[in-house]
Amino acid sequence: MASPVAVVAVPLFLALFASLVSAQISIGFARNFSFDHRSPDVTLCSQLIRPAGYACSEHTIQTDDGYLLALQRVSSDNGNLRQNPRPPVLLQHGLFMGGDAWFLNSPEESLGFILADHGFDVWVGNVRGTHWSHGHISLSVKDKDFWDWSWQELALYDLAAMLRYINAITSSKIFVVGHSQGTIMSLAAFTQPDIAEMVEAAGLLCPISYLEHINSQFVLRMVNMHLDQMILAMGFHQLNFRSDWGVNLLDSICDGHLDCNDLLTSITGKNCCFNNSRVDFYLEYEPHPSSAKNLRHLFQMIRKGTFSKYDYGIFKNLWQYGQLQPPEFDLGNIPESLPLWMGYGGDDALADVVDVKHTLKKLRSNPELLYLENYGHIDFIVSVHAKEDLYNHLISFFMSRVKSSSLR
(Lines give C-alpha, C1' and ligand atoms only; values in the text may rest on other atoms or scores of the structure.)
Protein backbone atom coordinates (compact mmCIF):
# COMPACT_ATOMS: atom_id res chain seq x y z
CA MET A 1 0.00 0.00 0.00
CA ALA A 2 2.53 2.61 -1.07
CA SER A 3 0.03 5.11 -2.41
CA PRO A 4 -1.49 6.19 0.94
CA VAL A 5 2.05 6.88 2.13
CA ALA A 6 2.63 9.14 -0.81
CA VAL A 7 -0.46 11.15 0.02
CA VAL A 8 0.58 12.00 3.53
CA ALA A 9 4.14 12.68 2.43
CA VAL A 10 3.10 15.87 0.68
CA PRO A 11 3.87 18.53 3.31
CA LEU A 12 7.18 20.10 4.13
CA PHE A 13 8.80 17.96 6.75
CA LEU A 14 7.52 14.68 5.37
CA ALA A 15 9.59 15.61 2.37
CA LEU A 16 12.52 15.92 4.75
CA PHE A 17 11.93 12.33 5.80
CA ALA A 18 12.29 11.30 2.17
CA SER A 19 15.44 13.40 1.88
CA LEU A 20 16.78 11.65 4.95
CA VAL A 21 16.13 8.22 3.50
CA SER A 22 17.75 9.16 0.19
CA ALA A 23 20.85 10.23 2.11
CA GLN A 24 20.90 6.70 3.65
CA ILE A 25 20.52 7.96 7.22
CA SER A 26 18.39 5.74 9.43
CA ILE A 27 15.02 7.12 10.52
CA GLY A 28 14.50 4.38 13.08
CA PHE A 29 15.21 6.81 15.93
CA ALA A 30 11.86 8.46 15.21
CA ARG A 31 10.15 5.56 16.96
CA ASN A 32 12.25 6.12 20.07
CA PHE A 33 11.74 9.88 20.36
CA SER A 34 8.27 10.19 21.86
CA PHE A 35 6.83 13.61 22.54
CA ASP A 36 3.64 11.94 23.80
CA HIS A 37 5.53 10.53 26.79
CA ARG A 38 8.00 13.34 27.35
CA SER A 39 8.77 14.75 30.76
CA PRO A 40 6.93 17.97 31.69
CA ASP A 41 10.40 19.55 31.82
CA VAL A 42 10.88 18.92 28.09
CA THR A 43 9.49 22.09 26.54
CA LEU A 44 10.26 24.18 23.48
CA CYS A 45 11.81 26.77 25.77
CA SER A 46 14.07 24.22 27.47
CA GLN A 47 15.03 22.35 24.31
CA LEU A 48 15.79 25.02 21.73
CA ILE A 49 15.42 28.56 23.01
CA ARG A 50 17.02 28.94 26.45
CA PRO A 51 20.08 26.86 25.43
CA ALA A 52 20.70 29.44 22.69
CA GLY A 53 20.84 32.19 25.32
CA TYR A 54 17.36 33.69 24.98
CA ALA A 55 14.76 34.35 27.67
CA CYS A 56 11.69 32.16 27.21
CA SER A 57 8.46 31.52 29.11
CA GLU A 58 5.75 28.92 28.52
CA HIS A 59 2.04 29.83 28.34
CA THR A 60 -1.05 27.64 27.94
CA ILE A 61 -4.29 28.95 26.46
CA GLN A 62 -7.70 27.39 25.82
CA THR A 63 -9.65 27.71 22.57
CA ASP A 64 -13.40 28.20 22.51
CA ASP A 65 -13.81 24.54 21.52
CA GLY A 66 -11.69 23.23 24.37
CA TYR A 67 -8.20 22.66 22.95
CA LEU A 68 -5.19 23.56 25.11
CA LEU A 69 -2.45 25.26 23.13
CA ALA A 70 1.10 26.21 24.02
CA LEU A 71 2.55 29.64 23.37
CA GLN A 72 6.17 30.53 24.02
CA ARG A 73 7.29 34.10 24.69
CA VAL A 74 10.86 34.81 23.60
CA SER A 75 13.14 37.80 24.05
CA SER A 76 16.80 38.60 23.73
CA ASP A 77 18.84 38.93 26.90
CA ASN A 78 20.41 42.06 25.45
CA GLY A 79 19.53 44.67 28.06
CA ASN A 80 19.77 47.57 25.63
CA LEU A 81 17.09 46.06 23.42
CA ARG A 82 14.74 45.41 26.32
CA GLN A 83 14.84 49.05 27.39
CA ASN A 84 12.90 49.92 24.23
CA PRO A 85 10.78 46.84 23.54
CA ARG A 86 9.05 46.62 20.20
CA PRO A 87 5.53 45.25 19.60
CA PRO A 88 4.57 41.59 19.88
CA VAL A 89 5.06 39.29 16.90
CA LEU A 90 3.23 35.96 16.61
CA LEU A 91 4.98 33.27 14.55
CA GLN A 92 2.58 30.70 13.06
CA HIS A 93 4.08 27.49 11.68
CA GLY A 94 3.02 25.36 8.73
CA LEU A 95 1.54 21.90 8.25
CA PHE A 96 3.16 18.99 10.15
CA MET A 97 5.35 21.53 11.89
CA GLY A 98 5.39 23.17 15.32
CA GLY A 99 6.76 26.32 16.86
CA ASP A 100 10.25 24.79 16.82
CA ALA A 101 10.39 25.42 13.05
CA TRP A 102 11.37 29.05 13.72
CA PHE A 103 14.44 28.02 15.76
CA LEU A 104 15.94 25.04 13.90
CA ASN A 105 18.92 26.88 12.43
CA SER A 106 21.52 28.94 14.25
CA PRO A 107 20.49 32.16 16.06
CA GLU A 108 21.97 34.08 13.14
CA GLU A 109 19.75 32.20 10.63
CA SER A 110 16.46 31.51 12.49
CA LEU A 111 13.66 34.08 12.25
CA GLY A 112 12.51 33.62 15.86
CA PHE A 113 15.93 34.52 17.21
CA ILE A 114 16.48 37.31 14.68
CA LEU A 115 13.22 39.04 15.62
CA ALA A 116 14.11 38.80 19.31
CA ASP A 117 17.53 40.32 18.58
CA HIS A 118 15.75 43.25 16.95
CA GLY A 119 13.83 43.85 20.16
CA PHE A 120 10.46 42.39 19.19
CA ASP A 121 8.31 40.64 21.78
CA VAL A 122 8.25 37.23 20.07
CA TRP A 123 5.36 34.81 20.63
CA VAL A 124 5.44 31.31 19.15
CA GLY A 125 2.19 29.55 18.23
CA ASN A 126 1.60 25.78 18.34
CA VAL A 127 -1.73 24.58 16.93
CA ARG A 128 -3.86 21.75 18.28
CA GLY A 129 -2.43 18.27 17.92
CA THR A 130 1.22 19.37 17.78
CA HIS A 131 3.72 17.96 20.24
CA TRP A 132 4.14 21.16 22.25
CA SER A 133 0.43 21.79 22.77
CA HIS A 134 -1.42 20.13 25.61
CA GLY A 135 -4.48 18.31 24.38
CA HIS A 136 -8.09 19.09 25.22
CA ILE A 137 -10.13 19.75 28.33
CA SER A 138 -12.12 16.52 27.89
CA LEU A 139 -10.90 14.59 24.82
CA SER A 140 -7.89 12.30 24.55
CA VAL A 141 -5.64 12.20 21.49
CA LYS A 142 -6.86 8.60 21.15
CA ASP A 143 -10.41 9.84 20.55
CA LYS A 144 -11.62 10.18 16.97
CA ASP A 145 -13.34 13.45 17.88
CA PHE A 146 -10.06 14.99 19.00
CA TRP A 147 -8.94 14.98 15.35
CA ASP A 148 -12.20 16.28 13.89
CA TRP A 149 -10.81 19.55 12.54
CA SER A 150 -9.03 21.15 9.59
CA TRP A 151 -7.22 24.43 8.98
CA GLN A 152 -10.65 26.08 9.21
CA GLU A 153 -10.70 25.49 12.98
CA LEU A 154 -7.01 26.37 13.24
CA ALA A 155 -7.84 29.78 11.77
CA LEU A 156 -11.10 30.57 13.54
CA TYR A 157 -10.31 29.03 16.93
CA ASP A 158 -6.57 28.51 17.44
CA LEU A 159 -5.20 31.66 15.82
CA ALA A 160 -8.04 33.73 17.26
CA ALA A 161 -7.32 32.45 20.79
CA MET A 162 -3.60 33.15 20.43
CA LEU A 163 -4.20 36.71 19.29
CA ARG A 164 -6.72 37.41 22.05
CA TYR A 165 -4.31 36.14 24.70
CA ILE A 166 -1.33 38.13 23.42
CA ASN A 167 -3.49 41.23 23.04
CA ALA A 168 -4.71 40.87 26.64
CA ILE A 169 -1.18 40.39 28.02
CA THR A 170 0.52 43.15 26.02
CA SER A 171 -2.35 45.63 25.45
CA SER A 172 -0.98 45.95 21.94
CA LYS A 173 -1.89 45.06 18.42
CA ILE A 174 0.15 42.16 17.07
CA PHE A 175 2.39 41.55 14.08
CA VAL A 176 1.75 38.11 12.55
CA VAL A 177 4.16 35.98 10.54
CA GLY A 178 2.86 32.81 8.89
CA HIS A 179 4.47 30.17 6.71
CA SER A 180 2.52 27.92 4.31
CA GLN A 181 -0.48 26.59 6.31
CA GLY A 182 0.17 29.49 8.69
CA THR A 183 -0.72 31.83 5.83
CA ILE A 184 -3.93 29.92 5.05
CA MET A 185 -4.90 30.32 8.69
CA SER A 186 -3.98 34.01 8.70
CA LEU A 187 -5.81 34.97 5.52
CA ALA A 188 -8.95 33.11 6.57
CA ALA A 189 -8.83 34.62 10.07
CA PHE A 190 -8.28 38.15 8.78
CA THR A 191 -11.62 37.99 6.93
CA GLN A 192 -13.24 38.10 10.39
CA PRO A 193 -13.42 41.72 11.69
CA ASP A 194 -13.00 40.77 15.37
CA ILE A 195 -9.74 38.98 14.56
CA ALA A 196 -8.36 41.47 12.05
CA GLU A 197 -8.74 44.36 14.51
CA MET A 198 -6.11 42.77 16.79
CA VAL A 199 -3.48 42.66 14.01
CA GLU A 200 -1.08 45.53 13.29
CA ALA A 201 0.39 43.97 10.14
CA ALA A 202 1.22 40.53 8.72
CA GLY A 203 4.12 38.94 6.87
CA LEU A 204 3.19 35.86 4.83
CA LEU A 205 5.87 33.41 3.67
CA CYS A 206 4.71 31.22 0.76
CA PRO A 207 1.19 32.71 0.91
CA ILE A 208 -1.58 30.23 0.18
CA SER A 209 -5.29 30.76 -0.18
CA TYR A 210 -5.79 29.20 -3.62
CA LEU A 211 -4.13 25.94 -4.67
CA GLU A 212 -5.65 25.40 -8.11
CA HIS A 213 -2.34 25.80 -9.95
CA ILE A 214 -0.14 23.79 -7.63
CA ASN A 215 2.49 22.34 -9.96
CA SER A 216 3.86 19.45 -7.95
CA GLN A 217 3.05 16.53 -10.25
CA PHE A 218 3.60 14.10 -7.40
CA VAL A 219 0.97 15.85 -5.29
CA LEU A 220 -1.45 16.18 -8.19
CA ARG A 221 -1.35 12.45 -8.84
CA MET A 222 -2.28 11.80 -5.22
CA VAL A 223 -5.11 14.33 -5.36
CA ASN A 224 -6.56 12.90 -8.55
CA MET A 225 -6.59 9.43 -7.01
CA HIS A 226 -8.60 10.77 -4.02
CA LEU A 227 -6.19 9.12 -1.63
CA ASP A 228 -7.15 11.58 1.11
CA GLN A 229 -10.57 9.96 1.16
CA MET A 230 -8.95 6.53 1.26
CA ILE A 231 -7.00 7.47 4.38
CA LEU A 232 -10.17 8.49 6.19
CA ALA A 233 -11.97 5.39 4.94
CA MET A 234 -9.13 3.27 6.36
CA GLY A 235 -9.88 4.77 9.77
CA PHE A 236 -6.87 7.07 10.09
CA HIS A 237 -7.93 10.30 11.79
CA GLN A 238 -4.60 11.25 13.29
CA LEU A 239 -1.58 11.46 10.97
CA ASN A 240 1.38 10.78 13.25
CA PHE A 241 4.64 9.84 11.58
CA ARG A 242 6.42 9.05 14.83
CA SER A 243 4.17 6.05 15.40
CA ASP A 244 5.31 2.60 14.30
CA TRP A 245 2.87 2.51 11.39
CA GLY A 246 3.88 6.01 10.31
CA VAL A 247 7.58 5.25 10.26
CA ASN A 248 7.01 1.94 8.48
CA LEU A 249 4.90 3.65 5.83
CA LEU A 250 7.54 6.29 5.29
CA ASP A 251 10.22 3.60 5.04
CA SER A 252 8.19 1.98 2.27
CA ILE A 253 8.25 5.14 0.13
CA CYS A 254 11.75 4.33 -1.04
CA ASP A 255 11.30 0.56 -1.07
CA GLY A 256 11.40 0.26 -4.82
CA HIS A 257 8.34 2.44 -5.41
CA LEU A 258 9.78 5.92 -5.87
CA ASP A 259 13.05 7.58 -6.73
CA CYS A 260 13.75 9.24 -3.40
CA ASN A 261 16.61 11.25 -4.84
CA ASP A 262 14.01 13.36 -6.62
CA LEU A 263 11.13 13.15 -4.13
CA LEU A 264 11.91 16.31 -2.16
CA THR A 265 12.08 18.41 -5.32
CA SER A 266 9.02 16.76 -6.85
CA ILE A 267 6.93 17.70 -3.81
CA THR A 268 8.12 21.17 -2.76
CA GLY A 269 10.00 22.48 -5.77
CA LYS A 270 13.75 22.86 -6.09
CA ASN A 271 15.22 24.45 -2.96
CA CYS A 272 18.29 26.57 -3.53
CA CYS A 273 19.57 27.02 0.01
CA PHE A 274 18.49 24.10 2.15
CA ASN A 275 21.22 22.60 4.37
CA ASN A 276 20.92 18.85 3.91
CA SER A 277 23.50 18.18 6.61
CA ARG A 278 21.01 19.37 9.26
CA VAL A 279 18.16 17.04 8.30
CA ASP A 280 18.86 14.62 11.15
CA PHE A 281 18.69 17.51 13.62
CA TYR A 282 15.43 18.80 12.13
CA LEU A 283 13.93 15.35 12.53
CA GLU A 284 14.53 15.41 16.26
CA TYR A 285 11.57 17.82 16.31
CA GLU A 286 9.64 17.32 13.06
CA PRO A 287 7.17 16.16 11.88
CA HIS A 288 4.32 16.95 14.26
CA PRO A 289 0.94 15.23 14.01
CA SER A 290 -2.01 16.66 12.13
CA SER A 291 -5.46 15.38 11.19
CA ALA A 292 -6.52 13.42 8.13
CA LYS A 293 -9.44 15.83 7.83
CA ASN A 294 -6.99 18.70 7.51
CA LEU A 295 -5.22 16.97 4.63
CA ARG A 296 -8.53 16.29 2.93
CA HIS A 297 -9.53 19.97 3.24
CA LEU A 298 -6.29 20.99 1.51
CA PHE A 299 -6.92 18.47 -1.26
CA GLN A 300 -10.45 19.84 -1.69
CA MET A 301 -8.87 23.26 -2.31
CA ILE A 302 -6.67 21.81 -5.04
CA ARG A 303 -9.54 20.01 -6.76
CA LYS A 304 -12.02 22.90 -6.66
CA GLY A 305 -9.77 25.93 -6.92
CA THR A 306 -11.67 27.63 -4.09
CA PHE A 307 -10.74 29.11 -0.72
CA SER A 308 -13.70 27.72 1.20
CA LYS A 309 -14.72 26.02 4.38
CA TYR A 310 -14.60 22.23 4.62
CA ASP A 311 -16.92 20.45 2.19
CA TYR A 312 -18.97 17.80 4.03
CA GLY A 313 -21.14 16.95 1.04
CA ILE A 314 -24.52 18.38 0.07
CA PHE A 315 -26.65 17.13 2.95
CA LYS A 316 -24.22 17.85 5.79
CA ASN A 317 -23.35 21.21 4.19
CA LEU A 318 -27.04 22.10 4.44
CA TRP A 319 -27.02 21.18 8.12
CA GLN A 320 -23.65 22.77 8.87
CA TYR A 321 -23.78 25.90 6.71
CA GLY A 322 -27.38 26.23 5.57
CA GLN A 323 -26.37 25.92 1.91
CA LEU A 324 -25.38 23.23 -0.59
CA GLN A 325 -21.77 24.34 -1.01
CA PRO A 326 -19.38 25.42 1.75
CA PRO A 327 -19.03 29.21 2.12
CA GLU A 328 -15.92 30.82 0.71
CA PHE A 329 -13.55 32.92 2.76
CA ASP A 330 -13.87 36.26 0.99
CA LEU A 331 -10.45 37.88 0.86
CA GLY A 332 -12.19 41.12 -0.03
CA ASN A 333 -13.32 41.25 3.60
CA ILE A 334 -9.74 41.69 4.82
CA PRO A 335 -9.52 45.38 5.77
CA GLU A 336 -7.75 47.49 3.20
CA SER A 337 -6.07 49.24 6.12
CA LEU A 338 -4.35 46.02 7.29
CA PRO A 339 -0.76 46.15 5.96
CA LEU A 340 0.40 42.90 4.35
CA TRP A 341 3.83 41.73 3.21
CA MET A 342 4.29 38.60 1.10
CA GLY A 343 7.38 36.63 0.17
CA TYR A 344 7.07 33.97 -2.52
CA GLY A 345 9.39 31.91 -4.71
CA GLY A 346 9.72 31.02 -8.37
CA ASP A 347 10.60 27.39 -7.59
CA ASP A 348 7.86 26.81 -5.03
CA ALA A 349 5.75 23.89 -6.29
CA LEU A 350 3.17 24.26 -3.51
CA ALA A 351 2.54 28.03 -3.36
CA ASP A 352 2.51 28.56 -7.11
CA VAL A 353 3.09 32.05 -8.49
CA VAL A 354 -0.21 31.95 -10.42
CA ASP A 355 -2.12 31.18 -7.23
CA VAL A 356 -0.28 33.93 -5.34
CA LYS A 357 -1.38 36.38 -8.04
CA HIS A 358 -4.95 35.07 -7.70
CA THR A 359 -4.78 35.89 -3.99
CA LEU A 360 -3.49 39.38 -4.75
CA LYS A 361 -6.37 40.07 -7.13
CA LYS A 362 -8.91 39.19 -4.45
CA LEU A 363 -7.44 41.56 -1.86
CA ARG A 364 -8.52 45.18 -1.59
CA SER A 365 -5.05 46.26 -0.48
CA ASN A 366 -1.73 46.19 -2.32
CA PRO A 367 0.66 44.10 -0.23
CA GLU A 368 4.38 44.73 -0.26
CA LEU A 369 5.94 41.88 -2.24
CA LEU A 370 9.27 40.09 -2.31
CA TYR A 371 9.77 37.59 -5.13
CA LEU A 372 12.77 35.25 -4.93
CA GLU A 373 13.08 33.45 -8.23
CA ASN A 374 15.33 30.64 -7.00
CA TYR A 375 13.51 29.90 -3.72
CA GLY A 376 11.48 26.76 -3.15
CA HIS A 377 8.97 26.05 -0.38
CA ILE A 378 11.48 24.90 2.24
CA ASP A 379 13.88 27.79 1.64
CA PHE A 380 11.49 30.28 3.23
CA ILE A 381 11.81 28.64 6.64
CA VAL A 382 15.30 27.06 6.78
CA SER A 383 17.40 28.67 4.05
CA VAL A 384 20.92 29.42 5.27
CA HIS A 385 20.67 32.73 3.38
CA ALA A 386 17.17 33.67 4.52
CA LYS A 387 18.32 36.55 6.74
CA GLU A 388 19.87 38.44 3.85
CA ASP A 389 17.45 37.29 1.17
CA LEU A 390 14.22 37.49 3.12
CA TYR A 391 14.08 38.30 6.82
CA ASN A 392 15.79 41.69 6.62
CA HIS A 393 13.08 42.80 4.15
CA LEU A 394 10.31 41.53 6.43
CA ILE A 395 11.77 43.23 9.50
CA SER A 396 12.15 46.51 7.60
CA PHE A 397 8.46 46.29 6.73
CA PHE A 398 7.55 45.73 10.38
CA MET A 399 9.84 48.55 11.50
CA SER A 400 8.10 50.95 9.13
CA ARG A 401 4.80 50.00 10.76
CA VAL A 402 6.27 50.54 14.24
CA LYS A 403 7.36 54.05 13.26
CA SER A 404 4.03 54.94 11.65
CA SER A 405 2.15 53.63 14.70
CA SER A 406 4.28 55.78 17.03
CA LEU A 407 3.28 58.87 15.04
CA ARG A 408 -0.45 58.31 15.45
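Basis for what follows: all heavy atoms, side chains included, without hydrogens, waters or symmetry-related copies.
No side-chain heavy atom of Ser75 sits under 4.5 Å from any side-chain heavy atom of Tyr54. At least one side-chain heavy atom of Leu90 sits under 4.5 Å from a side-chain heavy atom of Leu159. Counting heavy atoms from C-beta outward, Asp100 and His288 have side chains that approach closer than 4.5 Å. Side-chain contact between Asp355 and Val353 is absent, with no heavy atoms from C-beta onward closer than 4.5 Å. In this structure, Asn275 and Val382 have side chains that are not in contact, with every pair of non-hydrogen atoms separated by 4.5 Å or more. Within the 4.5 Å cutoff, the side chain of Leu187 has no heavy atoms near those of the Ile208 side chain. Residues Tyr321 and Lys309 have side chains in contact (heavy-atom distance under 4.5 Å, counting atoms from C-beta outward). Within the 4.5 Å cutoff, side-chain heavy atoms of Leu239 are placed close to those of Ile231.
Looking at Phe307, Phe299, Tyr310 one by one, the single match for ring pair (Phe, Tyr, Trp, His ring centres under 6.0 Å) with Trp151 turns out to be Phe307. The only option from Ile49, Ile169, Val122 that meets the side chain to side chain contact (heavy atoms under 4.5 Å, CB included) definition with Arg73 turns out to be Ile169. Of the candidates Asp389, Ile378, Asp347, Asn374, Asn374 is the only one forming a side chain to side chain contact (heavy atoms under 4.5 Å, CB included) with Cys272.
A distance of 9.5 Å separates CZ in Arg364 from CD1 in Ile334, rounded to the nearest 0.5 Å. Taking CG of Leu350 as the start and CG of Asp352 as the end, the distance is 9.5 Å to the nearest 0.5 Å. Between the CG atom in Leu360 and the CE atom in Met342 there is a gap of 5.5 Å [rounded to 0.5 Å]. Distance CG/Leu295 to CD/Gln300: 10.5 Å, rounded to 0.5 Å. To the nearest 0.5 Å, atom CG of residue Leu394 and atom CG of residue Leu370 are 9.5 Å apart. Put simply, OG on Ser76 and CZ on Phe120 are 13.0 Å apart, with the number rounded to the nearest 0.5 Å.
Scanning both residues, Ser308 and Glu328, for their nearest heavy atoms gives OG-CG, 3.1 Å. Contact between Asp330 and Gly332 at its shortest, heavy atoms only, is OD1-N, 2.8 Å. The heavy-atom pair separating Tyr344 from Pro207 by the smallest distance is CB-CD, 4.1 Å. Closest approach of Leu340 and Ser365 over heavy atoms only: CD1-OG, 4.1 Å. Residues Trp147 and Pro289 share a closest heavy-atom pair of CH2-CB, 3.9 Å. Residues Ala196 and Phe190 share a closest heavy-atom pair of CB-O, 3.5 Å.
A donor-acceptor pair shorter than 3.5 Å cannot be found between the side chains of Asp145 and His136. If you check the side chains of Ser290 and Asn294, you find a donor sitting under 3.5 Å from an acceptor. Side-chain atoms of Thr43 and Ser46 form a donor-acceptor pair, as typed in the model, at a separation below 3.5 Å. Between the side chains of Ser150 and His297, a donor-acceptor pair is found at a separation under 3.5 Å.
No close placement of the Tyr157 and Tyr67 rings is indicated, their centers lying 6.0 Å or farther apart. For Tyr375 and Tyr371, the distance between ring centers is not under 6.0 angstrom. If you look at Trp341 and Phe175, their ring centroids are not closer than 6.0 Å. Taking the ring centroids of Phe380 and His179, they lie at or beyond the 6.0 Å cut-off.
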Inset, instruction - Output, in order, the C-alpha distance, side-chain angles, deciding distance and verdict of side chain to side chain donor-acceptor pair (under 3.5 Å) for Asn126 and Gln72. - result: CA-CA 9 Å; Asn126 301 270; Gln72 291 79 33; 2.9 Å; yes
Inset, instruction - Please step through side chain to side chain contact (heavy atoms under 4.5 Å, CB included) for the pair Met301 and Leu298, ending with a clear verdict. - result: CA-CA 5 Å; Met301 295 168 67; Leu298 292 167; 4.0 Å; yes
Legend entry - Test log, rule salt bridge (Lys or Arg N to Asp or Glu O under 4.0 Å), inputs Arg303 and Asp228: CA-CA 12 Å; Arg303 293 188 188 105; Asp228 52 319; 2.5 Å; yes
Inset, instruction - Output, in order, the C-alpha distance, side-chain angles, deciding distance and verdict of side chain to side chain donor-acceptor pair (under 3.5 Å) for Asn105 and Tyr282. - result: CA-CA 9 Å; Asn105 281 347; Tyr282 298 154; 2.7 Å; yes
Inset, instruction - Let me see the working for Leu331 and Ser209 under side chain to side chain contact (heavy atoms under 4.5 Å, CB included), right down to the final yes or no. - result: CA-CA 9 Å; Leu331 295 178; Ser209 61; 3.6 Å; yes
Inset, instruction - Could you walk me through whether Glu388 and His385 pass the side chain to side chain donor-acceptor pair (under 3.5 Å) test, one step at a time? - result: CA-CA 6 Å; Glu388 296 78 18; His385 304 302; 4.8 Å; no
Inset, instruction - Evaluate the criterion side chain to side chain contact (heavy atoms under 4.5 Å, CB included) for residue pair Asn215 and Asp348; output intermediate values, then yes/no. - result: CA-CA 9 Å; Asn215 60 48; Asp348 191 337; over 6 Å; no
Inset, instruction - Please test Leu104 against Ile381 for side chain to side chain contact (heavy atoms under 4.5 Å, CB included), starting from the C-alpha separation and ending with a verdict. - result: CA-CA 9 Å; Leu104 290 176; Ile381 197 73; over 6 Å; no
Inset, instruction - Step by step, work out the side chain to side chain donor-acceptor pair (under 3.5 Å) result for His377 and Ser180. - result: CA-CA 8 Å; His377 201 74; Ser180 193; 2.9 Å; yes
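Using a cutoff of 4.0 Å between basic side-chain nitrogens and carboxylate oxygens, Arg164 and Asp64 are scored as salt-bridged. Ion pair Arg128/Asp158 flagged as a salt bridge, since at least one NZ, NE, NH1 or NH2 atom sits closer than 4.0 Å to an Asp/Glu carboxylate oxygen. Note on Asp121 versus Arg86: no salt bridge recorded, every NZ/NE/NH1/NH2 to OD/OE distance being 4.0 Å or above.
Other residues, nucleotides and ligands contribute more than 12 heavy atoms inside 6.0 Å of the CD atom of Gln323.
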